[in-house]
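Working notes, structure below.
Each chain gets a letter, A, B and so on, in the order its sequence line appears, and its residues count up from 1.
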Amino acid sequence: MNANETQGRRCGETPVPYGLSEAICADPRDSRATTFLVRDYDLAATLASGQAFRWRPMGDAWEGIVAGRWVRLHQAGDDLRAECAVPQADWHWLRDYLQLDVDLAAVVATFPDDEPMRASVAACRGLRLLRQEPWECLVSFICSSTKQIVQIQQIIALLCERFGEAIPVAADVRRLSSNAEGAMRNAEWKAVPPDVVGDSVFAFPSAARLAACSEAELRTCKMGFRAPYILAAAKAVATGQLDLSLLQNLSTAEARAALMNLHGVGRKIADCVLLFAYGKQDAFPVDVWVRRALIELYFPRRRPSEKRLAHFANTHFGPNAGFAQQYLFHYVRVRRE
DNA sequence: CGCCAGGCGAACA
DNA sequence: TGTTCGCATGGC
């Protein structure tokens, strides 16, 4: 059965085929929440896989900010429940962010049929790529250089608290935030302060807002030498010198070149933005983990030259190479323990 | 304490 | 064209 045919969402117990209006599927008694029917979707693995940095595990649920909206997500089997702070007219913004319409089986079928890929796919069934907003994604990955994921989360949280707009949040968030029982169960939580301050959470700050910052202000977010990179990128976007919305229609190579014009954005960071924000599936970010995985899994005898490794990375993984990369990344990361 | 972290860019041979 | 280093900051 085709996964597309089975995707839809539920109103109460009634499955609704994909394609019908969101209003039908939303709970009529509460337009702040809805439930999507998903297949081959591991929400926890996806949200914790180092592609987005604002999701926090809260007990069995995940809380984050998408498109300026606070959201709580909870998966139970094939039911993915979403809850917002304010009523929603539709949910396409979340469906798009979570990439619910992607047929994962069809994507995985394009991966090379070799042992490392089989092991990677087996190790993380249901791992997905998100579709993030370009500006947030760009800033996040400029901050990512020589930083651990926990630290990137911390920098982004500080940026949002200091410079983002306060947005509405569900009434029970504070109770959950201070509920150490649920939150502290996750080891990563201890290192990341909750970006809930008082009754507020914060949207990701606009380019204009960050462009108005001084470098010293940005440095208070613990981003160190990356501060001038962020500031320059913010100015480029705020002035219109760089129009991020135009990159969607460019080829991967053209969009990559445009991103790499920014100071602090090299091949790896550019490819992360191409993959995680623009859905350019042929982008293949090679970081230390993926590099390690490639060498260990595909070149165990003799260390390949940089050129050979790059050529292999760019040719071996097919039309959804970036997707394959995320599986390799997750695989070696979970194998660390 | 030393080492490393989802790198990049400048300075070298 | 291909390596080497410094860069802030924090976790272990």
For A/Q151 and C/dC7, give me the distance from atom CD to atom C1', rounded to whole Å.
14 Å
Starting from P on C/dC12, measure out to CD1 on A/I149 and report it in whole angstrom.
14 Å
Have a look at A/K222 and say if it touches a base, only the backbone sugar-phosphate, or nothing, with a 4.0 Å heavy-atom cut-off.
sugar-phosphate
State whether the side chain of A/K268 and the backbone N or O of A/S145 hold a donor-acceptor pair below 3.5 Å, judged by distance alone.
no
Can you name the residues that form a side-chain hydrogen bond (donor to acceptor under 3.5 Å, both in side chains) with A/D114, not counting sequence neighbours?
A/Y298, A/H316
So the side-chain hydrogen bond (donor to acceptor under 3.5 Å, both in side chains) pairs with at least one residue in residues 234-243 of chain A (sequence neighbours excluded) are A/D243-A/S245
Does a distance-only test, which skips hydrogens and angles, find a donor-acceptor pair under 3.5 Å between the side chain of A/K147 and the base of C/dT9?
yes
Look only at the side chain of A/Q51 and the backbone of A/Q326, and say whether a donor-acceptor pair between them is shorter than 3.5 Å.
no
Using a strict 4.0 Å threshold on nitrogen-to-oxygen distance, state whether A/R125 and A/D42 make a salt bridge.
no
Between A/F312 and A/F284 (judged by ring centroids, cut-off 6.0 Å), do the two rings come close enough to count as a pair?
no
For chain A, the stretch of DNA chain B it reaches, first to last nucleotide, under 4.0 Å of its heavy atoms
B/dA5 to B/dA10
Rounded to whole angstroms, how far apart are CD on A/E215 and C1' on C/dC7?
12 Å
Rounding to a whole Å, what distance do you find between A/R303:CZ and C/dG2:P?
13 Å
Just call it for A/F276: base, sugar-phosphate, or nothing, with non-hydrogen atoms closer than 4.0 Å on any strand.
base
Could you check whether A/R118 pairs with A/D113 (Lys NZ or Arg NE/NH1/NH2 to Asp/Glu carboxylate O, under 4.0 Å)?
yes
May I ask you to say what A/S49 touches in the nucleic acid, namely base, sugar-phosphate or nothing, with a heavy-atom cut-off under 4.0 Å?
base
Nearest-Å distance once atom P is located in both C/dA8 and B/dA11:
15 Å
Any base atoms under 4.0 Å from A/G50, or only sugar-phosphate, or nothing? Heavy atoms, all strands.
base
Whole angstroms only, please: what is the CD1-C1' distance between A/I155 and C/dA8?
9 Å
Whole-Å distance between C/dC7 P and A/M223 CE?
19 Å
If we take the C1' atom in both B/dC4 and C/dC7, what is their distance in whole Å?
14 Å
Is it the case that the side chain of A/D103 and the backbone of A/A106 share a donor-acceptor pair, with hydrogens and angles ignored and the cut-off at 3.5 Å?
yes
Backbone N/O of A/Q88 and side chain of A/R69: donor-acceptor pair under 3.5 Å:
no
Counting only heavy atoms and a strict 4.0 angstrom limit, can you tell me which residues of residues 256-265 of chain A come near DNA chain B?
A/L262, A/H263, A/G264, A/V265
Canonical and wobble pairing (Watson-Crick, G-U, under 3.5 Å) of DNA chain B, dot-bracket with |:
.||||.|||||||
Looking across every strand, which nucleic acid part, if any, lies under 4.0 Å from A/R291 by heavy atom: base, sugar-phosphate, or nothing?
nothing
With distance as the sole test, does A/D96 use its side chain to make a donor-acceptor pair with the main-chain N or O of A/H92 at under 3.5 Å?
no
Mind checking the C1' distance from C/dG2 to B/dG6? Whole angstroms is fine.
24 Å
Where along residues 318-330 of chain A does a heavy atom fall under 4.0 Å from DNA chain B?
A/Q325, A/Q326, A/F329
Check whether any side-chain N or O of A/Q325 sits under 3.5 Å from a backbone N or O of A/V286 as a donor-acceptor pair, and report yes or no.
no
By the 4.0 Å heavy-atom rule, please label A/T146 as base, sugar-phosphate, or nothing.
base
Pairwise P distance for B/dG2 and C/dG6, with rounding to whole Å:
15 Å
Can you list the steps and then say if A/K280 with A/D282 is a side-chain contact (heavy atoms from CB on, under 4.5 Å)?
CA-CA 6 Å; A/K280 298 203 179 286; A/D282 51 331; 3.9 Å; yes
On DNA chain B, does the nearest nucleotide to A/W289 precede the nearest nucleotide to A/Y229 from the 5' side, or the other way round? Give the residue.
A/W289
Do any N or O atoms from the side chain of A/R72 and from the backbone of A/A170 form a donor-acceptor pair under 3.5 angstrom?
no
Counting just side-chain N and O atoms, does A/R226 come under 4.0 Å of either OP1 or OP2 of C/dC7?
no
Rounded distance [0.5 Å steps], CZ in A/R226 versus NZ in A/K147
5.0 Å
Nearest-Å distance for atom pair CG/P, residues A/L159 and C/dT9:
14 Å
Ring centroid separation for A/Y327 and A/F111, is it under 6.0 angstrom?
yes
